[in-house]
Number of protein chains: 2
Amino acid sequence: MTTLVDVAKKANVSKMTVSRVINHPDKVTDELKQLVYEAMRELDYHPNVIAKALANKSTRIIKLCILEDIDTTEPYYMNLMIGIAKTLDLHQYSLQLVTRRNFDIGNCDGYIITGMREADVDWIKKLTKPVVLFGENRYGFDYVDTNNKAGTYLLSQLALKKGYEHLIYIGIDSKESFEYSREAGYIQQVQENRMVPELHRFDNHSHLSEEYVEQNWKNIPKNTAFICASDRLAIGIERAIIRCGGKIPDDFGVTGFDGVFLNQIASPRITTIKQSIIEMGSACGENLLDKIESGETSGPLVFEPKICLGGTLRN
Amino acid sequence: MTTLVDVAKKANVSKMTVSRVINHPDKVTDELKQLVYEAMRELDYHPNVIAKALANKSTRIIKLCILEDIDTTEPYYMNLMIGIAKTLDLHQYSLQLVTRRNFDIGNCDGYIITGMREADVDWIKKLTKPVVLFGENRYGFDYVDTNNKAGTYLLSQLALKKGYEHLIYIGIDSKESFEYSREAGYIQQVQENRMVPELHRFDNHSHLSEEYVEQNWKNIPKNTAFICASDRLAIGIERAIIRCGGKIPDDFGVTGFDGVFLNQIASPRITTIKQSIIEMGSACGENLLDKIESGETSGPLVFEPKICLGGTLRN
DNA sequence: AACTAAACTGTTACCGATAACATGAATACA
DNA sequence: TGTATTCATGTTATCGGTAACAGTTTAGTT
């Protein structure tokens, strides 16, 4: 492996000059810079990341901590990791996948944390290295997420535009920030149209929302659209409506949220929010590296939601 | 952060002794060892992985290169990564996810490669760092895989035991080693029972195997079992049989291979081979780290297949 | 007792980079 | 013309470890 010294010899300068050409090119004359660049090219020089890390007291390691249970059937985490890994790779950082338990073992330059809940706030606050969360939060941590509120707001709006007269919100029974935001989007749209919000909350399992519809079928008027907080819940609603003999999308509408995979097994496909998790993962990485290298906080990064049309809303 | 020197001072020894206690404890007297251990404990000393890596000319980075297109709907890769990451983490190594394109950028201590095809053999041979492949191969590279041959052998055996009189093999139309092995398992079982093998090959899409059965329905005798090289192909077969009015498992049997996820959307569930990709990923990591640290080749690591009973074989 | 080998422990140099300081040349200003 | 200031480059020490070698005991032989 060629080192700084090799390049320095070849270019007839000190190794410090070579180092400067790489890190502070403005402090070296163009003439020497050219010499050094040429030497680097000829020798196919690649800096030794490890030596750099040692000198800088950095590690070039980013820890990714997934706090929720990993549902490996959802490609969500896979996409997230691919997105993050892509960016880190580009910047010569490497990724360490850690759990809450082995979180503290080994150094790193920063953290990406996903699936944070209230109980985690305290220890996250104590971290001394930069952190970016994947998923919105209300504790002031930087994060990357879809604009959840805008998502349900837009879907509700679309449902109304398509002529559904009742909008029922089917939410996830959890106290996480994204859920509040999704509820808020629905509520705002409904209120802007002088309608009364109706919300129900379940654990995020399709059979629970399914059960709900089946048991309340006779009280659900035609021309109702269900705005669901997840595709999972939406699929349950869809199945129940079909089982009860309701017609989708003519008499009933359904919308979901996420659109990562589950939707592929629904028929008709759920109209939902498409999130590009890979892209968001990349952004998450970029965000964190910026923070590490500049030392500045970047603030939250919110992706505007895109509606992914399926067959569960008219037209 | 406490360093070797801090520990050395506290224990009243040279830092070299501390280093020895960590790396060659047999070369230090028990007395000093105790002192050092105590100092380490009191100071909560954790070695600096980066400095170690620099001194050892290592990087503590393992590159994972996925050569096939990543089908993110299959949790396969996710599981693989989780398995690998778990092990690496345990040994304080970190994972770098690379593609064929950025493969050469940056150093590492070893490679895990999955999805290798013939065309890749040459460049893989040229690698100077230890390599472990995920997926069997016939070029002498170390690998981790399920015993593919045993898998189809066992499924064929089971089908025969259940009384199916004809066994048709539905394979993947590719020249990869695992496919040859799966075919070989079927063929061996069939020949041991003095039957004539019948093989068909398709690209790995369910609609292709589905089409095949539909078009040849009248030529397929009752009491036939289809031994398929993948769950994907098996699902196609299953759908076609049902569509054509055949009865599963009474009149027709179907078996798959993989059982990672797709099977979850089949009804009835395919009887298939269950692979614990996470565990195999871990093994892959262990294998590679062994190789890196000992310098010795470990040979292939083959996991014996486990049959996962679904509803596509009688009884 | 003298000599050699083995077993510990300490010293030094080095891994490949960077920051802080030192040096020397060029420019500025009085 | 002499001195202050700036700018470009080189020198040294350092990051936190490890290997190779050197020095000191201790034990074993004759």
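As a basis for the values below, the full set of heavy atoms in this structure was taken, side chains included, without hydrogen atoms, waters or symmetry mates. Treat the numbers as computed from the prediction; the structure is a model and nothing was measured. Lettering follows sequence order; numbering is per chain, from 1.
Remark: B:Asp120 pairs with B:Trp123 by the side-chain hydrogen bond (donor to acceptor under 3.5 Å, both in side chains) rule, at least two apart or across chains. Under the side-chain hydrogen bond (donor to acceptor under 3.5 Å, both in side chains) criterion, A:Thr2 pairs with no residue, sequence neighbours left out. Residues meeting the side-chain hydrogen bond (donor to acceptor under 3.5 Å, both in side chains) test with A:Ser14, sequence neighbours left out: A:Thr17.
In this structure a side-chain-to-backbone donor-acceptor pair under 3.5 Å is present from A:Asp109 to A:Thr59.
Screening A:Glu304, A:Gln275, A:Lys306 for a side chain to side chain donor-acceptor pair (under 3.5 Å) with A:Thr146, the sole residue that qualifies is A:Gln275.
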Where protein sits on nucleotides 7-20 of chain C, one letter per nucleotide: B base, S sugar-phosphate only, - none, heavy atoms under 4.0 Å: -SBBB---BBBBBB
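The nearest pair of heavy atoms linking B:Gly281 to B:Ile84 is O-CG1, 3.5 Å.
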Please write out each protein N/O paired with an N/O of nucleotides 23-27 of chain C under 3.5 Å, distance rounded to 0.1 Å.
none

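Annotation: the span from B:Lys149 atom NZ to B:Asn147 atom CG amounts to 8.5 Å, rounded to 0.5 Å.
Screening residues 11-47 of chain A for ring-ring contact (aromatic ring centres under 6.0 Å, His included), with sequence neighbours left out, gives no hits.
Nucleotide D:dT9 holds its P atom 10 Å from the CG atom of A:Leu35, rounded to whole Å.
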